[in-house]
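Computed from a prediction, not measured in an experiment: that's the story for all the values here. Just so you know, ligand 1 is whichever comes first in the structure, and atom 1 is the first atom listed for that ligand. Hydrogens, waters and symmetry mates are skipped; everything else that's a heavy atom, side chains included, is used.
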Amino acid sequence: MSQDLKYAAGLLRDAKCILVFTGAGISTESGIPDFRGTDGVWTKFSAEDFMLDSYVAERSVRVRAWASRFPKMFGNAEPNDAHYAVTDLWKKGRLVGCVTQNIDGLHQAAGLPQEAIAELHGNADGIACFQCGAPHDPADIEQRWISGDVDPRCDYCGGILKSTIVFFGEMLPQQAVDLANNWAGDADAVIAVGSSLSVYPAAYVPLDVASRGAPFIIINNSPTDLDNAASIRLDGMAGTLLPQLVDAITG
Ligand code: NAD
């Protein structure tokens, strides 16, 4: 075990309410590109397709967005060892909650229960009407899309349908924000994993915990915007370092 890892484990040894904050980097080892890398997500999708104004105003944007949503936005991606390590922390009773910026559903796929997850940027699984909010079954909408309905409309009010991912220009889901804030208030330590910690308001969550003097560990393979606020940044891969850290404090 490296000296840095030993130091981080020492800081977390007595922590009973650890908040884990995750970003796109926890899922790159599952084959999902992150936001800013050279093969980052915007090389595959157009950022415009995730801007609320253009999505609502332009049919062509919606048509493109649905074409990137179906058949499966993230292919057959499976959780990796870092996702399982978060679940392990929860099983051992040391996790107050996992606040994620990710929309890929891999924490749930790794066995972490929904009530332990706050998805600040929504989830790619759901579809709802932008006008009346009515949820729609993604399998039904996919079937309609396959049959040629390339800009599907709400069954109830005829409004624009939209994935439950939070688009640029859209409010964060209040329930997830409240959950994240409550956990941040209760946490006695925070581990941020695979995030550049540059997207706000999400990055206020680990900052809030750290501002009370609690240990703040970052696991990331490149510098982040909050390295200076952290107790330590463990430089390397999430799928290797997070399981080692969790083992060291719970084993
Ligand atoms: P980001 O792309 O800004 O930062 C990811 C960070 O993770 C980078 O600093 C990168 O160096 C690091 N990283 C990449 N792979 C790593 C690994 N295996 N181990 C350790 N570090 C690794 O991501 P962000 O901070 O989450 O912000 C991006 C925004 O884009 C978020 O709002 C998120 O909603 C969205 N997004 C989500 C997904 C997803 O759901 N998987 C994918 C792309 C983008």
Chemist: Assert yes or no for the condition that the ring centre distance of Y55 to F50 is strictly below 6.0 Å.
Modeler: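 No, they do not, as the ring centres are separated by 6.0 Å or more.
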Chemist: Output the list of atoms in ligand 1 that are nearer than 4.0 Å to some heavy atom of E29, sorted by atom number.
Modeler: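 So the atoms of ligand 1 that pass are 17 (C), 18 (N), 19 (N).
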Chemist: P33 to ligand 1: N or O pair under 3.5 Å?
Modeler: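 N/O-N/O distance under 3.5 Å: no.
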Chemist: Please confirm whether H121 and F167 have ring centers closer than 6.0 angstrom.
Modeler: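 Not under 6.0 Å, so no.
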Chemist: Within the structure, does A238 bring an N/O atom to less than 3.5 angstrom of an N/O atom in ligand 1?
Modeler: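 Yes, at least one N or O pair falls under 3.5 Å.
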Chemist: I want to confirm something. Looking only at heavy atoms, which of L106, N220, D104, T240 is nearest to atom 7 (O) of ligand 1?
Modeler: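 Shortest heavy-atom distance from atom 7 (O) of ligand 1: N220.
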Chemist: What atoms of ligand 1 come closer than 4.0 angstrom to any heavy atom of G23?
Modeler: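 Per the distance check, 26 (O).
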Chemist: I'd like to check which ligand 1 atoms, numbered from 1 as shown, lie under 4.0 Å from a non-hydrogen atom of T28.
Modeler: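 Those of ligand 1 that fall under 4.0 Å from T28 are 14 (C), 15 (N), 16 (C), 17 (C), 18 (N).
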Chemist: Would you mind finding which of L120, I219, V199, L242 brings a heavy atom closest to atom 27 (O) of ligand 1?
Modeler: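 Result: the heavy atom closest to atom 27 (O) of ligand 1 is in V199.
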Chemist: Report yes or no: does I32 have a heavy atom closer than 4.0 Å to ligand 1?
Modeler: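 I32 counts as a contact of ligand 1 under the 4.0 Å cut-off.
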Chemist: Considering only heavy atoms of G236, which atoms of ligand 1 have at least one such atom less than 4.0 Å away?
Modeler: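 Listed by number with element: 19 (N), 20 (C).
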Chemist: Which value, rounded to the nearest 0.5 Å, describes the distance between L112 atom CG and L106 atom CG?
Modeler: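 Spacing of CG (L112) from CG (L106) equals 12.0 Å.
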Chemist: Regarding atom 10 (C) of ligand 1: of the candidates I165, L241, V193, N221, which has the closest heavy atom?
Modeler: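 The nearest heavy atom belongs to N221.
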Chemist: Against heavy atoms of A24, which atoms of ligand 1 measure under 4.0 Å?
Modeler: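 Near A24, meaning under 4.0 Å from one of its heavy atoms, ligand 1 has 23 (O), 24 (P), 26 (O), 38 (C), 42 (C), 43 (C), 44 (C).
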Chemist: Cut-off 3.5 Å, side chains only: do T28 and D34 have a donor facing an acceptor?
Modeler: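 No, D34 and T28 have no side-chain donor paired with an acceptor closer than 3.5 Å.
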Chemist: Return yes if a side-chain donor-acceptor contact under 3.5 Å exists between N80 and S30, otherwise no.
Modeler: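 Yes.
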Chemist: Less than 3.5 Å apart, any donor N or O on the side chain of Q175 or E119 sitting next to an acceptor on the other?
Modeler: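 Note: Q175 and E119 side chains miss the donor-acceptor criterion.
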Chemist: Would S195 and Q101 count as a side-chain contact (heavy atoms from CB on, under 4.5 Å) if you check the C-alpha gap in whole Å, the side-chain angles of each, and the deciding distance to 0.1 Å?
Modeler: CA-CA 9 Å; S195 174; Q101 300 169 92; 3.0 Å; yes
Chemist: Please collect all side-chain hydrogen bond (donor to acceptor under 3.5 Å, both in side chains) contacts where either partner lies in residues 225-234, sequence neighbours excluded, each pair once.
Modeler: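 Residue pairs passing side-chain hydrogen bond (donor to acceptor under 3.5 Å, both in side chains), neighbours aside: T224-D227, D227-R233, R233-D235.
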Chemist: Output yes when the distance from some N or O of ligand 1 to some N or O of S198 is under 3.5 Å, and no in every other case.
Modeler: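 By distance alone, the answer is no.
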Chemist: With heavy atoms under 4.0 Å as the rule, classify the contact between M237 and ligand 1 as side chain, backbone, both or neither.
Modeler: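 Within the 4.0 Å criterion, M237 contacts ligand 1 through backbone and side-chain atoms alike.
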Chemist: How would you list, by chain and number, every residue that makes a salt bridge (Lys or Arg N to Asp or Glu O under 4.0 Å) with K91, sequence neighbours excluded?
Modeler: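 So K91 forms no salt bridge (Lys or Arg N to Asp or Glu O under 4.0 Å) with any residue.
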